[in-house]
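Quick note: numbers below take in every heavy atom, side chains included, and nothing from hydrogens, waters or symmetry partners.
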Amino acid sequence: MNLVCEIPGANLAIARGDFPNPEFDIDPASVRGEQHAVLAGGCFWCVEAVFKEIDGVNSVTSGYSGDGAHNADYKTVCTGTTAHAEVVSIRFDPQRTSFGQLLKVYFAVAHDPTQKDRQGEDRGRQYRSAIFHVDAAQKQVAEAYIAQLDRAGVFNAPIVTEVVPLEAFHEAEAYHHNYAELHPEQGYIAAVAAPKVAKLRKQFADKLKGAKA
């Protein structure tokens, strides 16, 4: 089995529970309505499974970003010949969770941000670590947090996450949506996605749906 996603913490130099909060974040008073974040961290099945658990997250949708609509399909993206990354589109309530707090989960649990153009044994630009920011505020928070984590030596290697503007999000094929939830018995999901969710539930229980009710 190719364990693409079984890498969070591989280069983590601190206890996951000690992962720092962002020193700089978007003030919830400065934004209104549902907000949008697009993150790439390897296998989108696994990243989707993590973020669906977070309080304040209204929806998580797997898809592709980085290239055009003409080649935004799973078969083509998997060849590694496009500029697409597998991503998740996260719609969230900024009054319940912030962009910075989503990034905390992204870096601490969802993937290993020190691996360039790969996650685990899966290699290629489609598996890169990337934050597709929707505005200048997200760009500022993302870049500041990466610098903060690097200064603090949170990882044993430099963070290689790209911070780039979102040009478009292309929704993935229907069978990818809620894949981990719908196929818990599948070997890959049981071995890879489920342990990620277990780590989230153990270390960030205060961020889960229902925790702030």
**Request:** Please work out whether the ring planes of Phe155 and Phe19 are parallel, tilted or perpendicular, with thresholds of 30° and 60°.
**Result:** perpendicular
**Prompt:** Using the ring of each side chain (for Trp, its six-membered ring), is Trp45 parallel, tilted or perpendicular to Tyr179, with breaks at 30° and 60°?
**Reply:** parallel
Give a yes or no answer on whether the side chain of [X] reaches the backbone of [Y] with a donor-acceptor pair at less than 3.5 Å.
X: Gln148; Y: Glu23; answer: yes
X: Asp135; Y: Gln138; answer: yes
X: His36; Y: His133; answer: no
X: His170; Y: Asp67; answer: yes
X: Asp150; Y: Ile159; answer: yes
X: His84; Y: Gly68; answer: yes

**Prompt:** In a check of side-chain contact (heavy atoms from CB on, under 4.5 Å) between Val154 and each of Ile14, Asp18, Asn11, which one passes?
**Reply:** Ile14
Less than 4.5 Å apart, side chain to side chain, heavy atoms only: is that true for [X] and [Y]?
X: Leu102; Y: Ile54; value: yes
X: Val163; Y: Phe132; value: no
X: Val31; Y: Phe99; value: no
X: Val50; Y: Val105; value: yes
X: Glu162; Y: Arg128; value: yes
X: Ser65; Y: Val38; value: yes
X: Tyr74; Y: Phe44; value: yes
X: Val57; Y: Arg91; value: no

Could you state the interatomic distance from [atom1] ([X]) to [atom2] ([Y]), rounded to the nearest 0.5 Å?
X: Leu166; Y: Ser89; atom1: CG; atom2: OG; value: 8.0 Å
X: Thr161; Y: Ile146; atom1: OG1; atom2: CD1; value: 5.0 Å
X: Glu48; Y: Asn178; atom1: CD; atom2: CG; value: 5.0 Å
X: His176; Y: Glu86; atom1: NE2; atom2: CD; value: 7.0 Å
X: Asp25; Y: Ser98; atom1: CG; atom2: OG; value: 3.5 Å
X: Gln35; Y: Ile90; atom1: CD; atom2: CD1; value: 12.5 Å

**Prompt:** Taking everything shown except Lys52 itself, do over 12 heavy atoms lie less than 6.0 Å from its NZ?
**Reply:** yes
**Request:** For atom CD of Glu185, decide whether the heavy atoms of other residues, nucleotides or ligands shown that lie under 6.0 angstrom number more than 12.
**Result:** yes
**Item:** Positive for side chain to side chain donor-acceptor pair (under 3.5 Å) with Asp55, one of Arg96, Lys207, Lys209, Gln101
**Value:** Arg96
What heavy-atom pair brings [X] and [Y] nearest, and what distance separates the two atoms?
X: Tyr145; Y: Gly100; result: CE2-O, 4.5 Å
X: Pro184; Y: Ile189; result: CA-CG2, 4.1 Å
X: Val87; Y: Ala40; result: CG1-CB, 3.7 Å
X: Ala13; Y: Asn156; result: CB-OD1, 3.3 Å
X: Gln126; Y: Arg123; result: NE2-O, 4.3 Å
X: Val192; Y: Cys46; result: CG1-SG, 3.7 Å

**Item:** Note: Glu53-Lys196 ion pair, threshold 4.0 Å (strictly below)
**Value:** no
[X] with [Y], same ILVMFWY side-chain cluster at under 4.5 Å:
X: Val160; Y: Leu149; result: no
X: Tyr64; Y: Ile131; result: yes
X: Phe169; Y: Phe92; result: no
X: Phe204; Y: Leu39; result: yes
X: Val47; Y: Leu182; result: no

**Request:** Kindly determine whether Ser129 and His111 satisfy side chain to side chain donor-acceptor pair (under 3.5 Å), including the steps that lead there.
**Result:** CA-CA 8 Å; Ser129 173; His111 80 310; 2.7 Å; yes
